[in-house]
Amino acid sequence: MTATLPRPARAPRPARAVRLGPLDFRLRPRFFGSCLALAALIATALLTALMVGDYRIPPPAVLDALLGRGERIDTFFVRGVRLPRALTAILAGAALGVAGAVFQSLSRNPLGSPDIIGFTQGASTGAVLTILVLNGGMLQVSLGAVVGGVATAGAVYLLALRRGVQGYRLVLVGIGVSAMLSAATHYLVSRAELTDASTAQVWLIGSLNARTWGHVAAVGAGAAVLVPLLLLLGRRLRLMEMGDDIAHALGVSTQRTQVLALVAASALTGLAIAVSGPISFVALAAPQLARRLTRANGTTLFGSALMGAALMLCADLAAMRLLAPVQLPVGVVTAVIGGTYLVWLLYSEWRGGRA
Amino acid sequence: MRLPVSLERPASVVADLSDTDDASVARTAFARRTTAKATTHALRAVGLLLALGLLALLALLSVAVGAASIPVGTVWDALWRFDGSYDHTVVMELRVPRTVLGVAVGAALGLAGALMQALVRNPLADPGLLGVNMGATAAVVAAVFVFGLTDPGVYVWFSFAGAALTAALVYFLGTRGRTGATPVRLALAGTAVGAVLLGLVNAVITVNEFVFDELRFWQVGSLAGRDLEVLAQVAPFLLAGIAVSLFLGPALNAVALGEDLAAALGANINRIRLLTALAVVLLCGAATAAAGPIAFVGLAVPHVARLVTGPDQRWVLPYSAVLAAVLLVGADTLGRVVLPSGELEVGIITAFVGAPVFIALVRRTRAAQP
C-alpha cells in the first residue's frame, strides 16, 4: 500500500458517531486524547516562553502583563517581545504542518513536501540574493523570499505545462529547478564576505529572532483563511488517498480539490517561510509524527497543524535557552528534536511489531 | 493536476491473470520489463558505445583545457612519451588524476543514484537518502570543529567513515521489525537521521564561524586540487562498489515488481537490499569523500538513462554510470574556462548545465518510473 495509507496499527477502538447540528463526525478516543495533549503542550510552552529569558517574569506577573495592568517593563517584554515571537512560532508551525500534510497526501509520498515544486529553494535563493547582493533589511528579505518562491513555483508549473500538467513531470521539473537554485545559493554563500555569509546562513537555517506583531499579522491573516479551508478539504483528501477512481466514485471532484489544495498549501508555506525562514523539516515531519501519535488511518490535517505548532514552539524555546546566551536559530532545534522523535517513533513502532 | 508519485506501483498484471499462480504471474511481469527485440538490445549497446566515445573525447579535452591550455598533441605526447617538461608534468600530475577522478566520481554517483531509486522504488530518492551525504558532511564538520583539521586529504577518511556509519545506522533502523526493510521505512529512517545530523551541523556552524568558513567551500562540491593521492585513497572503494552493482541488474529487475512477485521469482529480497545498500555506500561515500556532496547527478542522471533504455535495470545501470561521468567531466572542464580568472566548482556547473538538459528531456518524453 502507499505510504500515507498504512495498515491500521492495531485494530482501532470502535469510533462513535457524534452528531452536533449540521456537524457529523466520529469520536475517536485516541485521536481526541492526543490532540488534547498536544494543545496542552502548546499552552504550557507558550506560558514558559512568556516567562523565561534573560529577564525572568513569574507567572502571575505574566498574566498581569497580558491583561495590560502589570509593570511597564513586564508588559514590554511579554506583549512587545515574547508574545509576538511565540505566536509567530505557533502560526508558522501550524501552517507548515498543514501544508506538509496536504503535499504528502496529494503526492501519496512521505517525502512529498512543498520542496517538490521548488518553492522552498526559490524562497531561499530570493532571500540570500536580497541579503548578499541587495543588502536588504528584514522586511526586504521576507519580500525577496516570497517573490523568489512564487516566481519559482510559477516557473516550475509553466515548464511542466505541456498538454496539461502531468504530476510526475511536475515533480521532475521541480527537482531540476531546485538543483539549479540550490547551486546558486551555495555559490553566493561561498563567494560572500564571511559575516554576510553567516547572516545568510542563519536565515537559511530558519530563525525567529526579533519577530514583531507585523509578522504575526501576516502569517495569522493567511492562516485564518487557509487553514480552515484545507481542514474542510481534509475529508476529500483522505478519500483521494484511496485512489482517484474510488474518490471519483464516492463523488469527489478530484481535479478541483487537487488544484485548490495545492494552491492553498503553497500559499501557507510561502507565508511561513517569509516569517521564519525555510524550516522545511517541520512540513516533512509533523504529518508523519501526527499520524503515528494519533494512530489515524491516513493523513490528519488537524493533528498535523497541532504537531507543527508544538514542534516549532518547543524548538524555539530550546533554541533560545539551551546554550544561552548564545542564540541558536530555531531551524537547528526543529531538525534535531523532530528528527530524534521520528527515529524514536519508528524504532519503538517496529520493535512493538506494529509495522 | 495529478501527482501519482506513489512509492509502490499497483500490480496491474495480477488483475488480468488472476487464475494463475504467483510464480507464473511474476514470470510474465518480469518478462514484460526485460524482454526486448534483438535489434533493440543492439541499438542500446551502440548508444552506450557512443556515450563512451563522448566520454573519452571529453576526458581528453579535460586534460588539455585549464588555466594554461595545452595543445592536444602535447597531451598525447605526455601520455605516451613523457619527457619531464613543464607541460608534461602538469598533464601527468594535475590534469590526468583530476580527470580520472572526475570520471570515477561521476560514474559512481550515477550508479549510486540508479541503485538507490531501484532500492526504495522512489523517483525522488537520491544517493544521499541513506544518509551518506549528511554523514559525510557531519564528519567533515567534526574533523574541523573537534580536531581542527583543515586538510582535504584528511577529509577523505573522515567523510567516508561518517558516510558508512550513518548509512549503517539508517539501514539498521530501516530493517527493524518483522518484515525487514521496506522502501517507506528506509526513506523515513534516512530522512530522520539526516535531519538530526543537519541540525547538529547547523548548530556548530552557527556558533563557530571558522567551521562555517571551511564547510561553505566543501559543500559546494569541487574537484579542484584533487591529486593522485586522493584518487588512490578512494579508488578501491569505487572499484568494489562498481563490481557489486554490475551484478545487481537482474536482481533489481525482480525487486521492481514488488516484494511478493519478487519472492515468487525466488529472489532473496533481504540479501538484494543489503547488497544494494552496500554498493550505494561504497560508491556514494567514496565519491562524496573525494569531491564533496553533489546530489543532483545521482538524482537526475538515472531518469535520463531510463528515458533512453526503459525500465530494464541491466541497461539503466551502465547508462547511468557513463552519462553521469560525461556530465561530471564536462562540467569540470567547463568550470575551468567559464570565468575570466579562477574556476567555478563542478557542483555548481553540473546543476546549471545538467538541470536545463534534464528539464528539456522531461518535457519532451514520458518519463519511465524506476
Out of curiosity, [X] [atom1] to [Y] [atom2], how far, rounded to the nearest 0.5 Å?
{"X": "B/Asn202", "Y": "A/Ile205", "atom1": "CG", "atom2": "CD1", "value": "3.5 Å"}
{"X": "B/Ile348", "Y": "A/Arg191", "atom1": "CD1", "atom2": "CZ", "value": "6.0 Å"}
{"X": "A/Gln201", "Y": "B/Thr206", "atom1": "CD", "atom2": "OG1", "value": "7.5 Å"}

Toward chain A, the part of [X] with a non-hydrogen atom under 4.5 Å:
{"X": "B/Ile205", "value": "side chain"}
{"X": "B/Phe358", "value": "side chain"}
{"X": "B/Val193", "value": "both"}
{"X": "B/Ala203", "value": "both"}

Query raised in the report: Pick from A/Leu181, A/Val189, A/Leu328, A/Val202: which one has the most heavy-atom pairs with chain B under 4.5 Å?
Result: A/Val189
Report summary line: Greatest number of non-hydrogen atom pairs under 4.5 angstrom with chain A, of B/Leu198, B/Leu344, B/Val353, falls to B/Leu344
Please find the pair of heavy atoms, one from [X] and one from [Y], that lie closest to each other, and give the distance.
{"X": "B/Ala195", "Y": "A/Ala335", "answer": "O-CB, 3.3 Å"}
{"X": "B/Ala351", "Y": "A/Met180", "answer": "O-CG, 3.3 Å"}
{"X": "B/Glu209", "Y": "A/Ser198", "answer": "OE2-OG, 2.9 Å"}
{"X": "A/Val343", "Y": "B/Ala192", "answer": "CG2-CB, 3.6 Å"}
{"X": "A/Gly176", "Y": "B/Phe296", "answer": "CA-CE1, 4.0 Å"}

Query raised in the report: Quick one: what part of A/Ala197 sits under 4.5 Å from any heavy atom of chain B, side chain, backbone, both or neither?
Result: both
Query raised in the report: Of the backbone (N, CA, C, O) and the side chain (C-beta and beyond), which part of A/Val333 lies under 4.5 Å from a heavy atom of chain B, both, or neither?
Result: neither
